[in-house]
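Following: one structure in structure tokens, then a few remarks.
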Amino acid sequence: MTDDLRAPIGTHDVLAPDSALWEGVIGTFADLAHRYDFGLVLSPMFEDVAVFHRGIGEASEVATKEMYVFTDRGDRTYALRPEGTASVVRAFVQHHPVTPWRAWYVTPAFRYERPQAGRYRQHHQLGVEALGSDDAQVDVEVIALAQRFYAAIGLRRVRLLLNSMGHDVCRGEYVGLLRTHLFAHRDELCDDHRATWDRNPLRVLDCKKPACVAVTDQGPMLPDHLCDACRDHLDLVTRGLDRLGIAWERAPRLVRGFDYYTRTTFEFVSDALDAAQNAIGGGGRYDQLAAALGGPDVSGVGFGSGIERLLLARAAEGISRGLIDRDPDCFIVDTTGGEEATVLADELRRAGLAVSRAVDGRSMKSQMKVADRSGARVAVLIGPREIAAGEVTMRDLRASEATQWRVAREGVADAVRTVLEGHE
RNA sequence: GUGGGCGUAGCUCAGUUGGUUAGAGCGCCAGGUUGUGGUCCUGGAGGUCGCGGGUUCGACCCCCGUCGCUCACCCCA
């Protein structure tokens with residue numbers, strides 16, 4: 001209701017219980033990243049603007065019109081990170097860890113644009129980067145991690161689109177051919193690209209307008225013009241994916257938005273989402289990024305995924321199953337003032353249990369209602385009679401018929417555990 | 001940046017041709033013989049009708065502006 005102090009446009013607060021899904025997604029990813037031998041990297045949310053200009057490309061849409069650029073009190077020009085890769089690679093360059101270096105991250109990403117479904121000014125990405133090797137096996141592992149991750153969070157209607165951008169020489173030759181073709185057919189392009197095809201010919205490949213599709217359909221496709229080395233690399237990647245049983249599709253038109261990609265590029269799309277925001281993740285190899293940021297001439301490969309998009313895709317697939325259980329194990333009802341509940345709760349929590357309780361001296365009936373809604377499996381009741389007897393009353397909140405029993409005060413933790421196990 | 005739709009209780013919404021104390025469901029709180037939840041019943045709290053201006057005897061309703069939400073284009077996660 002206070003309109004003057006809301007979260008900024010295009011940003012969102014995520015509160016429990018919704019946030020449990022975020023915990024689940026991030027936790028699942030952290031666990032998987034560990035299994036795939038990636039270590040967590042934390043890097044600043046803002047960087048010298050040059051990190052992104054040199055990284056994702058000064059001419060890219062994101063860099064030219066979507067970055068949050070600001071000057072700090074010391075007159076330094078910074079930008080809020082619009083994506084994850086550039087700053088991770090910057091960290092790699094700065095610290096020169098032993099290669100191959102494998103890092104995973106989860107971070108907010110900022111882009112100044114009008115919000116819409118699946119598109120926000122602050123969204124969140126998680127991903128991995130592997131630097132210091134150009135072995136195609138790394139590409140395969142990165143893609144496999146992404147694919148296994150989507151499966152782990154329950155997504156089924158996901159397709160992997162694969163392409164190769166070649167390297168600077170063979171792509172350069174290809175772009176020349178494409179530009180010649182586009183020049184010959186420039187009048188047939190869609191309204192937008194009739195003016196911009198020359199500046200960024202690759203973008204035209206990505207255009208969905210029938211006019212552009214008709215032109216590019218007859219033109220040269222990048223995969224047909226790869227050099228031998230790039231072709232071999234792509235073949236190794238596809239063979240690796242085949243051996244892992246990971247389905248993929250060739251996507252010769254796949255052109256990603258950042259300039260740093262070379263060779264392998266891929267995108268995961270959800271068929272449950274509308275085309276405007278169906279990309280739930282993507283990535284690829286970048287041979288020149290580290291060098292562009294002043295580092296060694298080493299290659300890297302990685303991918304990033306938008307958490308909001310993943311959640312959107314889950315919802316669109318009708319997946320309601322949660323990823324983690326954040327309900328309390330037990331709920332303490334104390335009608336003697338609340339001090340006993342505090343003591344018992346602390347004891348149970350130290351024993352590893354998740355405990356909820358009521359405060360403010362509410363009536364037993366009221367506390368029982370709260371206990372019920374809390375999702376706790378069992379209620380632990382403390383009243384004058386229990387205190388006198390040195391016991392508590394246990395009540396199963398999930399049983400269809402009322403069942404309760406007395407337990408010695410010292411044995412509460414074990415009694416709760418017994419109930420929990422009985423439910424599993 | 002451009003365009004469409006929408007802004008009424010915490011949430012989802014109703015609100016008659018502008019008319020006198022703005023409603024419902026859910027949620028929340030309290031009761032229903034004073035130690036007990038989930039169903040049911042009763043009662044209660046909660047709204048400057050996004051904000052500002054205008055028209056009018058009178059505006060939640062009409063007009064203008066503004067802010068916000070939302071969807072689409074562009075691009076992407």
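The figures that follow rest on heavy atoms only: side chains count, while hydrogens, waters and symmetry mates do not.
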For [X], which contact category applies under a 4.0 Å heavy-atom criterion: base, sugar-phosphate, or nothing?
X: A:S366; answer: sugar-phosphate
X: A:E386; answer: base
X: A:A275; answer: base
X: A:L397; answer: base
X: A:G118; answer: base
X: A:Q277; answer: base
X: A:I9; answer: sugar-phosphate
X: A:G281; answer: sugar-phosphate
X: A:R114; answer: base
X: A:Q367; answer: nothing
X: A:A279; answer: sugar-phosphate
X: A:A379; answer: nothing

Taking atom OH of A:Y112 as the centre, does the number of heavy atoms from other residues, nucleotides or ligands within less than 6.0 Å exceed 12?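 For A:Y112, atom OH is not crowded (no more than 12 foreign heavy atoms under 6.0 Å).
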Provide the distance between the two [atom1] atoms, one in [N] and one in [M], to the nearest whole Å.
N: B:U56; M: B:G50; atom1: P; result: 23 Å
N: B:U33; M: B:C51; atom1: P; result: 44 Å
N: B:U70; M: B:C13; atom1: P; result: 14 Å
N: B:A22; M: B:G46; atom1: P; result: 14 Å
N: B:U66; M: B:C26; atom1: C1'; result: 33 Å
N: B:C60; M: B:U48; atom1: P; result: 13 Å
N: B:G25; M: B:G18; atom1: P; result: 28 Å
N: B:G15; M: B:G19; atom1: C1'; result: 14 Å

Between A:N278 and A:S270, is there a side-chain donor-acceptor contact under 3.5 Å, judged purely by atom types and distance?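 Note: A:S270 and A:N278 side chains miss the donor-acceptor criterion.
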Are any of the side-chain heavy atoms of A:V25 and A:F149 separated by less than 4.5 Å?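 Contact flag for A:V25/A:F149 side chains = yes.
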Just to verify, which of A:V89, A:V298, A:L131, A:I56 counts as forming a side chain to side chain contact (heavy atoms under 4.5 Å, CB included) with A:L289?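 That would be A:V89.
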Hey, is the side chain of [X] poking within less than 4.0 Å of OP1 or OP2 on [N], counting only N and O atoms?
X: A:R373; N: B:C28; result: yes
X: A:R81; N: B:A77; result: no
X: A:Q116; N: B:C73; result: yes
X: A:R362; N: B:A30; result: yes

Nearest to the side chain of A:R6 - B:C69, B:G37, B:C75?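 My answer, after comparing the listed nucleotides, is B:C69.
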When only distance counts, do a donor and an acceptor, one from the side chain of A:E113 and one from the base of B:A77, lie under 3.5 Å apart?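 By the distance-only test, yes, there is a pair.
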Hey, is the side chain of A:D372 pairing donor to acceptor with the base of B:G38 inside 3.5 Å?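 Donor-acceptor pair under 3.5 Å: no.
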Quick one: do A:R253 and A:D217 satisfy salt bridge (Lys or Arg N to Asp or Glu O under 4.0 Å)? Show the steps, please. CA-CA 10 Å; A:R253 294 175 171 282; A:D217 258 348; 2.8 Å; yes
Have a look at A:H233 and tell me which of A:T238, A:D134, A:D139, A:T262 forms a side-chain hydrogen bond (donor to acceptor under 3.5 Å, both in side chains) with it.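 The single option meeting the side-chain hydrogen bond (donor to acceptor under 3.5 Å, both in side chains) with A:H233 is A:D139.
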Considering all heavy atoms of both residues, which atom of A:H225 and which atom of A:P220 are nearest to each other, and what is their separation?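 What the structure gives for the nearest pair is NE2-CB, 3.6 Å.
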